[in-house]
Amino acid sequence: RKEVEQDPGPFNVPEGATVAFNCTYSNSASQSFFWYRQDCRKEPKLLMSVYSSGNEDGRFTAQLNRASQYISLLIRDSKLSDSATYLCVVPLAGGYNKLIFGAGTRLAVHP
Amino acid sequence: DVKVTQSSRYLVKRTGEKVFLECVQDMDHENMFWYRQDPGLGLRLIYFSYDVKMKEKGDIPEGYSVSREKKERFSLILESASTNQTSMYLCASSLLEGVGYTFGSGTRLTVV
């Protein structure tokens, strides 16, 4: 099993839609998780941190299911500007704050 | 906000050249990282450093070395550039534990 697995997509959705991405991880000792957003030919930027069961920030909700070892990201009322690749990020055991990045899920929001 | 600055946005180098990629962060972060990102492969860790003069190999260190002489600067060195090192190189920094990284804007390196 890969350390972090994501559906690569693309997810093509109309404006206003609700879309959800899932991510599974294999390191059960992981405590903190992250979602990053990456625009085409740009660097990844931190979108949300997930430290307990979940976190909400406006239209974005991240949930963590430790028993099943998956993290989800829900985007409500999608905007054209949400089009990007979303990276699921999980810490690696062993210290030094090493993070493992998923390959990303691509989202395309159309008018 | 933390700023991570990579010295070049685009570079074109010849096969066999020694290439230096520079990264500077301004928030006194202990940890610094070098990744490369290729289509379909995601981000892969090349090297990281948790303190001055300390370095650890990541998943794909072959053909690379690093230098961290000062806390704010972490350099990636391609000893003898090859065409398979054509990639987007991303530097990142972070505090010690439990927080996300801040990335630089990346260097798109082409080796011809």
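Bear in mind the structure is a predicted one, so any value in this text is a computation, not a measurement. Lettering of chains follows the sequences in order, A, B, ..., and the numbering in each one begins at 1.
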If you check every heavy atom in residues 103-112 of chain B against those of chain A, which residues fall under 4.5 Å?
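Interface residues of residues 103-112 of chain B: B/Phe103, B/Gly104, B/Ser105, B/Arg108.
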Compare every heavy atom of A/Phe34 with every heavy atom of B/Val99, then report the nearest pair and how far apart it is.
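Nearest heavy atoms, B/Val99 then A/Phe34: C-CZ, 3.4 Å.
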Which pairs of donor and acceptor atoms, one on a side chain in residues 81-93 of chain A, lie under 3.5 Å apart (sequence neighbours left out)?
{"unit_1": "A/Asp82", "atom_1": "OD1", "unit_2": "A/Arg59", "atom_2": "NH2", "d": "3.0"}
{"unit_1": "A/Asp82", "atom_1": "OD2", "unit_2": "A/Arg59", "atom_2": "NH1", "d": "2.8"}
{"unit_1": "A/Asp82", "atom_1": "OD2", "unit_2": "A/Arg59", "atom_2": "NH2", "d": "3.3"}
{"unit_1": "A/Asp82", "atom_1": "OD2", "unit_2": "A/Lys79", "atom_2": "N", "d": "2.9"}
{"unit_1": "A/Ser83", "atom_1": "OG", "unit_2": "A/Leu80", "atom_2": "O", "d": "3.0"}
{"unit_1": "A/Ser83", "atom_1": "OG", "unit_2": "A/Val109", "atom_2": "N", "d": "2.9"}
{"unit_1": "A/Tyr86", "atom_1": "OH", "unit_2": "A/Asp82", "atom_2": "O", "d": "2.6"}

Find the distance between CD1 (A/Ile100) and CG (B/Asp59) and round it off to the nearest 0.5 Å.
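Answer for the CD1-CG pair, A/Ile100 versus B/Asp59, is 6.0 Å.
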With a 4.5 angstrom heavy-atom cut-off, is it the side chain or the backbone of [X] that approaches chain A, or both, or neither?
X       : answer
B/Tyr35 : side chain
B/Leu45 : side chain
B/Gln37 : side chain

Quick one: which residues of residues 38-47 of chain A reach chain B at under 4.5 angstrom, heavy atoms only?
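Within residues 38-47 of chain A, the residues that come under 4.5 Å of chain B (heavy atoms only) are A/Gln38, A/Arg41, A/Lys42, A/Glu43, A/Pro44.
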Could you state whether [X] and [Y] fall into the same hydrophobic cluster, counting links through intermediate Ile, Leu, Val, Met, Phe, Trp or Tyr residues with side-chain heavy atoms under 4.5 angstrom apart?
X       : Y        : result
A/Val13 : A/Leu73  : yes
B/Val4  : B/Leu21  : no
B/Phe48 : B/Tyr101 : yes

Which region of A/Phe33, side chain (C-beta onward) or backbone (N, CA, C, O), has a non-hydrogen atom less than 4.5 Å from a non-hydrogen atom of chain B, or is it both or neither?
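It is neither, since no heavy atom gets under 4.5 Å.
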Using salt bridge (Lys or Arg N to Asp or Glu O under 4.0 Å) as the criterion, list what pairs up with B/Arg44, not counting sequence neighbours.
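Partners of B/Arg44 by the salt bridge (Lys or Arg N to Asp or Glu O under 4.0 Å) criterion, ordered by chain and then number, come out as B/Asp38.
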